Each structure stands twice: as C-alpha cells, then as structure tokens.
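In what follows, a single structure is set out as structure tokens and then discussed.
This is a predicted model, so every value here is computed, not measured.
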2 protein chains.
Amino acid sequence: MTSTERTPRNTRQRAEVRDAVAANPAFATSQTIHDRLRHEGSKVGLATVYRTLQAMAASGELDTIRTPDGQIAYRTCTPGHHHHLVCRSCGRTVEIDLPGLEATTRRIAGEYGFAEIDHEVEFFGTCSSCA
Amino acid sequence: MTSTERTPRNTRQRAEVRDAVAANPAFATSQTIHDRLRHEGSKVGLATVYRTLQAMAASGELDTIRTPDGQIAYRTCTPGHHHHLVCRSCGRTVEIDLPGLEATTRRIAGEYGFAEIDHEVEFFGTCSSCA
DNA sequence: GATCTTCATGACAATCATTCTCATTTAGAC
DNA sequence: GTCTAAATGAGAATGATTGTCATGAAGATC
Ligand SMILES: [Mn+2]
Ligand SMILES: [Mn+2]
Ligand SMILES: [Zn+2]
Ligand SMILES: [Zn+2]
C-alpha cells in the first residue's frame, strides 16, 4: 500500500509556492515564503501557502524541520534519505549523510522491542559567514 | 563562564512540580503535569508549572523533547549526555547511548566550517505494550 | 521572632503560529 | 461550453506558551 496518493491540481498559487521555496536553499517557514511572495506582488493567501507546503512535504517534495523556537520550516529536498546541518542564524543548510545511523536504528529497535522506529536527527550550528 | 546560576527558592509549588515529574518515567507536557497536580488537590497555577519546568530544564535537571505535534515535553533525566527512544503512543521512554555520535558531530563541524554544533537526535517508535 | 527585601506565584490577558470555516473561484474531466 | 469536485482566500478560531502585575511568602538580617 503506497496508499492514498492524490494528484493536486495545477494552480497558479501552487506554482508560485513551489518556485518560491525552490529559489532559496535555506529552510524557510510558511510565513516567510508568504511574505516573500507578497513582496513580489503575488496575491496568494497565507492559508494556501500553509496548505501547499504541508502537501508538498507529505508527498516528499520538501523536507521539514522544527526551528529551535518551534516553527515548521521547509526546504526543497534532495531525493533519498539524509539529514541536515542548519545554521542557527541564517538558515543555510547542508545535507549530510549518516551512513551508520540506519543500522544503529535497527539495532536499537530490536534491543528494546520498539516497532516502526523513526529517527529525527538534525545538527544546528553557526556557519562560517555568520561566525 | 559557567555563568548566571541563580538558586531558586524552595517553594511548595516547586516541590510539587518536581515530585510530579519524577513520579512518571514518560515525557509529559506542562499542561499534563498541571492537570495531574490539580487532580491530586494541588492549587498550583499553570504559569508556575510552565516556569518551573523551564527552569529545571535549563539547569539540566530535566530533559526536553518536542512532541511530533510541537509541544514541549519534560522528563527527569539521567545525568550525562544521552538520547531517547520514545513511544509515540504512551510516551514510555528509554535512554540510549550513541557512542559514535559525538565524534561524528565534530567531524561534520570541521568538514563544513560550522561552529558550536549541537545535535538533536531522538527516536520515535511503538513500544511492545502498545504494538 | 519580627522586619524587610526580593523573588515567586497565580489569575488573567496577550501573543502568535497554525488550523478551521465557508463562500467563491477554477482546474480539469466530459 | 458545462459541470463538479477541489482549491482558494479572508477572516475567525484554536491552543500552547508567554507576559503582566498585584499579592504572597522565602530567607536574609537584626
Ligand atoms: Mn533535505
Ligand atoms: Mn534523558
Ligand atoms: Zn549562517
Ligand atoms: Zn507505548
């Protein structure tokens, strides 16, 4: 069951949001993307930006993190499993591989009898431009 | 600079919160702890529970995670650095060691020129009782 | 033990990211 | 072109968390 896959309609708004998030390699929140679009003259609504980014993340097009203060931030994502090193001050993001981690996850699952283990692994730091 | 360490006053409320969080090995939110205390007859205020748990976490007495829906949850913490395997449905938590991770963090920091790297690593799954 | 200063508390309001509502628009199927 | 379900947007609602500020009480000092 690859389950419930709905193909969304191709609306002007969806294209605008997709372009806006693709235009920047840093993680950005729905509000930030919305602001950016409005400044460019778009009339897209805030709720639409929220809904579109959520849908894109659910379909795997975007990656999600939670900022240290709890907001959800999105970024266009390289396909395949990986993690992120995010600059606390400017949001600049590097995708990183953690080759050992998947094996570790399986080992931990077995050891403690947990099923459907998911891991959330993010690194936060200060990038060289912001130091 | 081990910096600004203030010793909080020993109030009845602080003791009640400390006992309540220590009484349960699962992560719990401020609201949950507050409910629990009120049901036991305590008159402690919600804001006080928020403040007390925050302070205890800042001083290292408690560990913090963000639940998948974004709330902050606390748990009495074993001293020393470690990570958690948390049951999505009941909150039961196992503390785990990730021996290789600190070295990996340092390697990544060097590789990408990031400073003050912090890692957030949590595992979520379904425990055997909840399966 | 009484006094005093300062920090802690609690009721409530305020904040603010996110979600909901619902009337209106429109993509895409026919 | 018609039709219908899905998408949109304006605004209201939600809900966790934080701020405000008058009152209470640790605990230092006498
Ligand atoms: Mn990514
Ligand atoms: Mn812990
Ligand atoms: Zn930076
Ligand atoms: Zn469980």
What side-chain donor-acceptor pairs closer than 3.5 Å can you find for residues 123-131 of chain B, not counting sequence neighbours?
none

Contacted region of DNA chain D by chain B, from 5' end to 3' end of the hits, cut-off under 4.0 Å to heavy atoms, spans D/dA16 to D/dG27
Could you pull out all residues at least two apart from [X] that satisfy side chain to side chain contact (heavy atoms under 4.5 Å, CB included)?
| X | value |
| --- | --- |
| A/T93 | A/F27, A/R75, A/H84, A/V86 |
| B/A109 | B/I117 |
| A/D69 | A/T67, A/Q71 |

Residues at least two apart in sequence or cross-chain that pass ring-ring contact (aromatic ring centres under 6.0 Å, His included) with A/H39, listed by chain then number, are none
With sequence neighbours left out, the residues meeting ring-ring contact (aromatic ring centres under 6.0 Å, His included) with A/H119 are A/H81, A/H83
Rounded to the nearest 0.5 Å, the CZ atom of B/F114 sits from the SG atom of A/C87 at a distance of 5.5 Å
| query | Got a salt bridge between B/E120 and B/R66, using NZ or NE/NH1/NH2 to carboxylate O under 4.0 Å? | reply | no
**Item:** Salt bridge present between B/R12 and B/E16 (N-O < 4.0 angstrom)
**Value:** yes
Rounded to 10°, the helix from C/dG1-D/dC30 to C/dC30-D/dG1 deviates from straight, judged by its five-pair end axes, by 30°
Residues pairing under side-chain hydrogen bond (donor to acceptor under 3.5 Å, both in side chains) where one sits in residues 106-115 of chain B, two or more places apart or in two chains, turn out to be B/R107-B/E111
Under 3.5 Å, is there a donor-acceptor pair between the A/T48 and A/Q13 side chains?
no
The remaining residues in the hydrophobic cluster of A/Y50, counting side-chain heavy-atom contacts under 4.5 Å among Ile, Leu, Val, Met, Phe, Trp and Tyr, are A/L46
A correct 5'-to-3' footprint of nucleotides 15-21 of chain C, with B, S and - meaning base, sugar-phosphate only and no protein heavy atom under 4.0 Å, is --SBBBB
Within residues 9-16 of chain B, those residues having any heavy atom closer than 4.0 Å to DNA chain C are B/R9, B/T11, B/Q13, B/R14
